[in-house]
Amino acid sequence: MGRLRARTLIAGMVALAAVGITPAATAATGIADRWSEPGPFAVTVETLDSTHTVYRPTRLEKHPVILWGNGTGANPKIYDGLLRHLASHGFVVAAADTPNAGSGKEMLAGATTLIAENSRPGSRYQGKIDTAHIGATGHSQGGGGAIAAGADPRVTATIPIEPGPQGSSTALKGPAFFLGGQFDTIVVPALLVVPRYRLADQVPAIYGELAGATHFTPVGDGGGFRGAITAWFRFWLSGDERARAEFFGPSCGLCRDGAWSDVQRNAKASAVPGA
């Protein structure tokens, strides 16, 4: 990412944080209609450790984990609506409290802490973490961090959102859903997202480009990306069969949804059975 684009991104993130602006969500259609509404769980936000904030179901049962990485200059509060939404659908979201999550290490540290808490007597998380189902996602630099974290065998599914250049797509261990914004001039889809999707041919991978989206569309509540992000993790992490048809089979819902300006599936994703 060039210095000018990086400065523009940091300035935009800082401005949004300073005034508390949440970008308007893209109009809900198709996949968004089904997965953009809040889930059934009440949500609690709390400190996990000195470097992570957790968004989780208030009443803990046994939940998959999502590791979150912020964009450059950002913090979890800037994405509060999206992180609360994911928690309402039954995920324990460990958000790294750093504006520089590109290495993936800060995100993976959240997994390490939750796995330890899952087995620690007296922990509120004892026996409540599904350690076999951990996803990684993030925006911009955090999207690059999600790719980097996805090389860890503990991470079973990833969603790089308008990702920075960090991490290697060829090292991903589990299915990946690359997200781009049609009007993103900072992480230009054709130059910086589609090529990374194409390199991930060792795993089921999908590229989705949201029509009308800019680089700041994911900020706040996730905008038009929110429903697709939720459905991907509900299928791969929670085993929710209702989400299968959104991505797989000849009647792939995402593929027919007019809210997306481009959808591509690699050979491994096309081979995943539909509903």
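What you see is a predicted model, and the numbers here were worked out from it, not measured in a lab. In what follows, every heavy atom counts, from backbone to side chain, and hydrogens, waters and symmetry copies are set aside. Just so you know, residue 1 is the first one in the sequence shown, and it goes up from there.
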**Q** Could you grab the distance from atom OG1 of Thr217 to atom CZ of Phe225, nearest 0.5 Å is fine?
**A** 6.0 Å
**Q** Check for a donor-acceptor pair, side chain of Gln202 on one end and backbone N or O of Leu172 on the other, with a separation under 3.5 Å.
**A** yes
**Q** Determine, for Glu246 against Arg34, whether the closest basic-nitrogen to carboxylate-oxygen distance falls under 4.0 angstrom.
**A** yes
**Q** Let's go through Tyr125 and Asn118 carefully: what are the C-alpha distance in whole Å and the side-chain angles of both, what is the deciding distance for side-chain contact (heavy atoms from CB on, under 4.5 Å) to 0.1 Å, and is it a yes or a no?
**A** CA-CA 5 Å; Tyr125 296 102; Asn118 184 64; 5.5 Å; no
**Q** Starting from Leu179, can I reach Val194 by hopping between I/L/V/M/F/W/Y residues whose side chains sit under 4.5 Å apart?
**A** yes
**Q** Just do the side-chain contact (heavy atoms from CB on, under 4.5 Å) check on Ile159 and Ile161 with the steps written out, would you?
**A** CA-CA 6 Å; Ile159 304 179; Ile161 307 168; 4.0 Å; yes
**Q** For a 4.5 angstrom cut-off between non-hydrogen side-chain atoms, does Arg244 reach Pro273?
**A** yes
**Q** Rounded to the nearest 0.5 Å, what separation is found between the CD1 atom of Ile66 and the CE atom of Met107?
**A** 10.5 Å
**Q** Would you sort out whether Tyr79 and His139 count as a ring pair (Phe, Tyr, Trp, His ring centres under 6.0 Å), showing the intermediate values?
**A** CA-CA 9 Å; Tyr79 304 94; His139 176 226; 5.7 Å; yes
**Q** Kindly state whether the ring of Phe91 and the ring of Tyr55 have centres lying under 6.0 angstrom apart.
**A** no
**Q** NE2/His215 to CD/Glu162 distance, rounded to the nearest 0.5 angstrom?
**A** 5.5 Å
**Q** Does one hydrophobic cluster hold both Val187 and Ile206, with members joined at side-chain heavy-atom distances below 4.5 Å?
**A** yes
**Q** Working to the nearest 0.5 Å, report the span between CD of Glu37 and NE2 of His89.
**A** 8.0 Å
**Q** Taking Glu117 for the side chain and Thr113 for the main chain, is one N or O donor matched with an acceptor at less than 3.5 Å?
**A** no
**Q** Val45 and Val54: side-chain contact (heavy atoms from CB on, under 4.5 Å), yes or no, with the steps?
**A** CA-CA 6 Å; Val45 181; Val54 157; over 6 Å; no
**Q** Could you report the tightest heavy-atom contact between Leu192 and Ile186, atom names first, then the distance?
**A** CD1-O, 3.9 Å
**Q** Please determine whether side chain to side chain donor-acceptor pair (under 3.5 Å) holds for the pair Thr230 and His85, giving the CA-CA distance in whole Å, both sets of side-chain angles, and the decisive distance to 0.1 Å.
**A** CA-CA 8 Å; Thr230 305; His85 178 79; 3.1 Å; yes
**Q** So, do Phe41 and His63 have ring centers that fall under 6.0 Å from each other?
**A** yes
**Q** Does the ring pair (Phe, Tyr, Trp, His ring centres under 6.0 Å) test come out yes or no for Phe177 and Tyr207, once each step is laid out?
**A** CA-CA 6 Å; Phe177 184 22; Tyr207 169 69; 8.8 Å; no
**Q** Do you reckon Phe248 sits in the same ILVMFWY cluster as Trp260, going by side-chain contacts under 4.5 Å, direct or chained?
**A** yes
**Q** Could you measure the distance from the CG atom of Asp184 to the OG atom of Ser140? Nearest 0.5 Å is fine.
**A** 8.0 Å
**Q** Look at the side chain of Arg226 and the backbone N and O of Asp221, then say whether any donor-acceptor pair between them is shorter than 3.5 Å.
**A** yes
**Q** Taking only Lys NZ, Arg NE, NH1 and NH2, and the carboxylate oxygens of Asp or Glu, determine whether Glu241 and Arg234 approach each other closer than 4.0 Å.
**A** no
**Q** Atom OG1 in Thr47, atom CG in Asp97: separation rounded to 0.5 Å?
**A** 7.5 Å
**Q** Answer yes if the side chains of Thr112 and Arg154 hold a donor-acceptor pair under 3.5 Å, and no otherwise.
**A** yes
**Q** Go through Ile147 and Thr158 one step at a time and tell me if the side-chain contact (heavy atoms from CB on, under 4.5 Å) criterion holds.
**A** CA-CA 7 Å; Ile147 296 174; Thr158 61; 5.9 Å; no
**Q** I want to check something: taking the side chain as every heavy atom from C-beta on, are Val92 and Pro57 in contact at a cut-off of under 4.5 Å?
**A** yes
**Q** If hydrophobic clusters are built by linking Ile, Leu, Val, Met, Phe, Trp and Tyr wherever their side-chain heavy atoms come under 4.5 Å apart, do Leu60 and Leu48 end up in the same one?
**A** yes
**Q** Stepwise, does the side chain to side chain donor-acceptor pair (under 3.5 Å) test hold for Gln264 with Asn266?
**A** CA-CA 7 Å; Gln264 301 178 35; Asn266 71 6; over 6 Å; no
